[in-house]
Amino acid sequence: MAGTWQPEEAGLKEICGLLEQQISPSSHKSQIWQQLQHYSNFPDFNNYLAFILARAQGKPVEVRQAAGLLLKNNLKTAFQSMPPTNQEYIKAELLPCLGSTDRQIRSTSGTIISVIVQIGGIFVWPQLLHTIVKCLDSNDLIHMEGAMDALSKICEDIPQVLDAESPGSSERPIDIFLPRLLQLFQSPNATLRKLALGSVNQYIMLMPPVLYMSMDAYLQGLFVLANDPSSEVRKLVCSAFVQLIEVHPSFLEPHFNNVIEYMLQVNKDPDDEVSLEACEFWSSYCEAPLPPDNIRPFLPRLIPVLLSNMAYADDDESLLDAEEDGSLPDRDQDLKPRFHSSRFHGPDDAEDDDDDIVNVWNLRKCSAAALDIISNVFGDEILPALMSFVQSKLSLSDDASWKEREAAVLALGAIAEGCINGLYPHLSQIVAFLIPLLDDKFPLIRSISCWTLSRFSKFIVQGVDHREGHERFEKVLTGLLRRILDDNKRVQEAACSAFATLEEEAADLLSPCLEIILQHLMCAFGKYQRRNLRIVYDAISTLADAVGGELNQPKYLEILMPPLIAKWQQLSNSDKDLFPLLECFTSIAQALGSGFSQFSQPVFQRCLDIIQTQQLAKVDPVSAGAQFDKEFVVCSLDLLSGLTEGLGSGIESLVSQSNLRDLLLQCCMDDASDIRQSAFALLGDLARVCPIHLRPRLPEFLDVAAKQLNTPKLKETISVANNACWAIGELAIKVNQEISPVVMTVISSLVPILQHAEGLNKSLIENSAITLGRLASVCPELVSPHMEHFMQSWCIALATIRDDIEKEDAFRGLCAMVKANPSGALSSLVFLCRAIASWHEIRNKDLHNEVSQVLVGYKQMLKNGAWEQCMSALEPPVKERLSKYKV
């Protein structure tokens, strides 16, 4: 029986003594920890801990709680392998603790109970459900609170276990608990109201049948709790409405006016956490498929609430950060983790998130985000209510009202996208008003003015053709450059990010100002601390992408390169500050082209050294002298791609004297998908300019690339497949017949991708279609016998590709196949015609003639009105476009 276990007095005393030492501030933690670990090896050690938690009445509550927390951590790993008698003993000791007079003991027990349910499920512990129900029905406050605490933890951590059918019955535990939870909404005890409401809210997403059926009672309960004296309860009411709007808006439809009215009230709640939760409602409403009309009448009252909540709160931590001097070094915790995204061949599907600068979510940011979304839904309608508020705040000039002025500038930035039409006639005045704010005495006004100006980049760049617009562009440019050299870190960060946004819009318009831009950026490079340095690298990369080859002039390189090279030499191969520098060099190498060759040898060699060190670190960190971090490999591969793209065949001398080929093959076989993704991008880039150096291991490269296309986890590694597919195509057109051994393996992987295109990204479909065509152009005799299996889905894909050199290659393959096996395309002739009609113009004369021959050939081949029948199935614009091919 579980009840027969008894602790030994000596063991009990010793473990209690250790726990007392563990919680005393002066103890040697590591020694005590080792002794406790030693005890963990005894099979009944966890029984002792359960006994101390549940029964050691004479011991301080802190010791009993420490025993409970240690028990919880042990059970996570040891519960399942424990003898069943010990499991039963621990479970039996925990249940009475729900009625302990001490709240800490109740709470610790609730946590352990939730862990056990997480591991073993609920149905193997029927006593637990009986005990919780019994406690909830007892009307004894202590027992009710203890049971509710445990139940709420189960609902929070593993809500689905209560929503599963009991073995041998159609009843689910939630069916028993939900009526009791709804009943507790009316409890005079605030803790019970909070725990009950929080528990029910966990089921909005799952929506079990019992909640669906009790929706009226739940909503009535929410309306009753809406003005609860406890701010934690009010916050949960808001959270419930936000979740319902996101998941089941239809339930709220009859009550929309009341809910919106309520949300408007609590958006001004004295408790910031309540108003933050209420503020989430507006974004959720606008993003749900709901008619905007419900919110429209409330806008004149809502906009001022959002605007006043956009001012900095007095306790906002940004206010403290804003005072920080730019010459103070960053602490390690100031450095956010950074993510490098591996190289990708094809149209990017990713969106940039360019918005707010600091990461803590609060009422100010939530209000600004809501205003942004509302402005995108309602557009210029909101301007009358908004602009009078903004103008009145901006006209304040005393120091005390700087936060209101700052919020007004933030508001202009937030509506820059949604209200652009209504703002357009006033934009020259708005920008003229913002420029002097770049020199405001308050650093947070300087930083927000940088951001808001960047939101109007398109307008600022569009006007450069006339004198006034050109002067405006120059003023914004020089204003942002001044702020880049601000002494305040927050302003530096905002200015650099804003400048990068302006660079993207302005592109080659920056060429005449390159010298002054580079002087400022390199001055910042020398001045900034570690965190903001990353943003300077980003601004330099964006500049290189924007002006391209313009940068390749000695006077610019003398400003740009020496500081970067000095930094490059100063950082070790295992220093993470190398990542943004590697990325920056990638952009510079691509922009300078052959101009980078004077810097290329040491950069190339270092990338190889880093990859080698990391490959060693993976198996033997000690002799590598570094911990493995895949990001070093990915950034180095991407920089080698940038070098290859920039130097073209000029990279050949570097590749020929190196072991890059063998290192690259290893990377193509790595476990980490982002390393493979970058490795195949580099393989394709090298295939373009120096395939001869890949030849000795060509069969292995092709084999491993083909494997990426034929994987059950294709959707998870789609970017790897995309790059591998592209690389195979690049290799095919360079090595010709040498590719024949893998042609059929690759084709058999490409065809299913084209046939099941839905749900795969556009780029993979395009690359698959192009590679299939390239293989066909090299080995038509191997591919053409199988044409009819893939012709239709292939032509559909070809029709979506924009005119370029890769599309020409694919159509050469198409023509070669039709020549070899004309009947293979007969059943897909309509699709073939549409694919040909997708060209605006085939610039290559030879290919144009080949395509003409294909169409003329089919016209002659199809007798007795069959050709006319095919033509009649085509849309008029398609027929129109085919006419230039003489059919």
Side-chain angles (χ1 to χ4, degrees), residues 725 729 732-733 736-737 743-744 746-747 750-751 753-755 757 762 765-887:
C725 178
I733 51 179
N736 294 326
Q737 288 301 318
V743 165
M744 289 323 295
V746 175
I747 295 279
L750 294 177
V751 171
I753 291 174
L754 294 171
Q755 286 172 338
K762 183 169 179 261
I765 308 301
E766 284 188 12
N767 276 320
S768 299
I770 289 162
T771 294
L772 197 154
R774 285 173 159 177
L775 293 172
S777 70
V778 175
C779 304
E781 72 293 344
L782 292 179
V783 183
S784 60
H786 309 278
M787 281 165 71
E788 56 196 288
H789 297 304
F790 58 74
M791 205 66 197
Q792 181 175 330
S793 49
W794 184 39
C795 288
I796 290 172
L798 287 174
T800 64
I801 300 174
R802 60 189 174 284
D803 292 10
D804 65 7
I805 199 106
E806 295 185 341
K807 185 167 178 171
E808 285 182 11
D809 284 345
F811 272 76
R812 274 191 199 92
L814 180 80
C815 295
M817 276 202 290
V818 167
K819 215 173 273 176
N821 177 13
S823 62
L826 271 178
S827 60
S828 312
L829 197 53
V830 169
F831 296 94
L832 177 88
C833 291
R834 285 190 189 127
I836 292 172
S838 71
W839 283 95
H840 292 285
E841 176 191 2
I842 302 181
R843 294 207 168 142
N844 181 299
K845 286 282 169 287
D846 292 342
L847 181 61
H848 185 282
N849 294 337
E850 278 186 58
V851 169
S852 284
Q853 280 167 11
V854 165
L855 288 170
V856 170
Y858 277 121
K859 186 173 181 178
Q860 289 164 356
M861 184 175 160
L862 292 170
K863 302 276 188 291
N864 304 331
W867 172 258
E868 287 70 21
Q869 196 180 342
C870 170
M871 287 293 108
S872 67
L874 295 172
E875 302 74 12
V878 172
K879 278 191 260 198
E880 171 99 7
R881 281 199 172 163
L882 291 180
S883 60
K884 57 184 149 189
Y885 300 101
K886 316 274 189 309
V887 287

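Every heavy atom of this structure was used, including side-chain atoms; hydrogens, water molecules and symmetry mates were not. For the single chain, residues carry numbers from 1 onward in sequence order.
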Is there a side-chain contact between Leu874 and Leu882 in this structure, where contact means two heavy atoms from C-beta onward sitting under 4.5 Å apart? yes
The salt bridge (Lys or Arg N to Asp or Glu O under 4.0 Å) partners of Asp803 (sequence neighbours excluded) come to Lys807
Just checking, any donor-acceptor pair under 3.5 angstrom between side chains of Arg843 and His848? no
Value rounded to 0.5 Å, distance of CG in Asn767 from NZ in Lys762: 11.0 Å
With rounding to the nearest 0.5 Å, note down the distance linking CE in Met791 to OG in Ser827. 9.0 Å
Do Arg774 and Arg812 have side chains that approach each other closer than 4.5 Å (heavy atoms only, starting at C-beta)? no
Answer yes or no: is there a side-chain heavy-atom contact under 4.5 Å between Val818 and Met787? yes
Taking side chain as C-beta onward, heavy atoms only, is Trp839 less than 4.5 Å from Glu808? yes
Heavy-atom count check: over 12 atoms from other residues, nucleotides or ligands less than 6.0 Å from Glu781 CD? yes
Taking every heavy atom of Met817 against every heavy atom of Pro780, the minimum-distance pair comes out as N-CB, 4.5 Å
One should read off an interatomic distance between Cys833 SG and Leu855 CG, to the nearest 0.5 angstrom, of 5.5 Å
Atom of Tyr885, atom of Val856 and distance for their closest heavy-atom approach: O-CG2, 4.2 Å
Indicate yes or no: at least one non-hydrogen side-chain atom of Val830 is less than 4.5 angstrom from one of Cys795. no
Test applied, side-chain contact (heavy atoms from CB on, under 4.5 Å); reference residue, Leu814; option that passes from Asp809, Leu832, Val854: Leu832
Between Gln737 (side chain) and Val778 (backbone), is there a donor-acceptor pair under 3.5 Å? yes
I need the minimum non-hydrogen distance between Ser793 and Gln755, along with the two atoms involved. OG-CG, 3.5 Å
Starting at CZ of Phe790, measure out to CG of Leu750 and round the result to the nearest 0.5 Å. 9.5 Å
What are the two closest heavy atoms between Ala769 and Ile801, and how far apart are they? CB-CD1, 4.1 Å
Looking at Asn864, I want to see if its CG is surrounded by more than 12 non-hydrogen atoms of other residues, nucleotides or ligands under 6.0 Å. no
Value rounded to 0.5 Å, distance of CD1 in Ile765 from CG in Leu798: 12.0 Å
With sequence neighbours excluded, what pairs up with Gln869 under the side-chain contact (heavy atoms from CB on, under 4.5 Å) test? none
If you compare all heavy atoms of Ser768 against all heavy atoms of Ile753, which two are closest, and at what distance to 0.1 Å? OG-CG2, 3.5 Å
Spacing of Tyr858 atom OH and Gln860 atom CD [to the nearest 0.5 Å]: 13.0 Å
Enumerate the residue pairs fulfilling salt bridge (Lys or Arg N to Asp or Glu O under 4.0 Å) with a member in residues 852-867, sequence neighbours excluded, ordered by first and then second residue. none
Nearest heavy-atom contact between Leu754 and Ala797 is CD2-CB, 3.8 Å
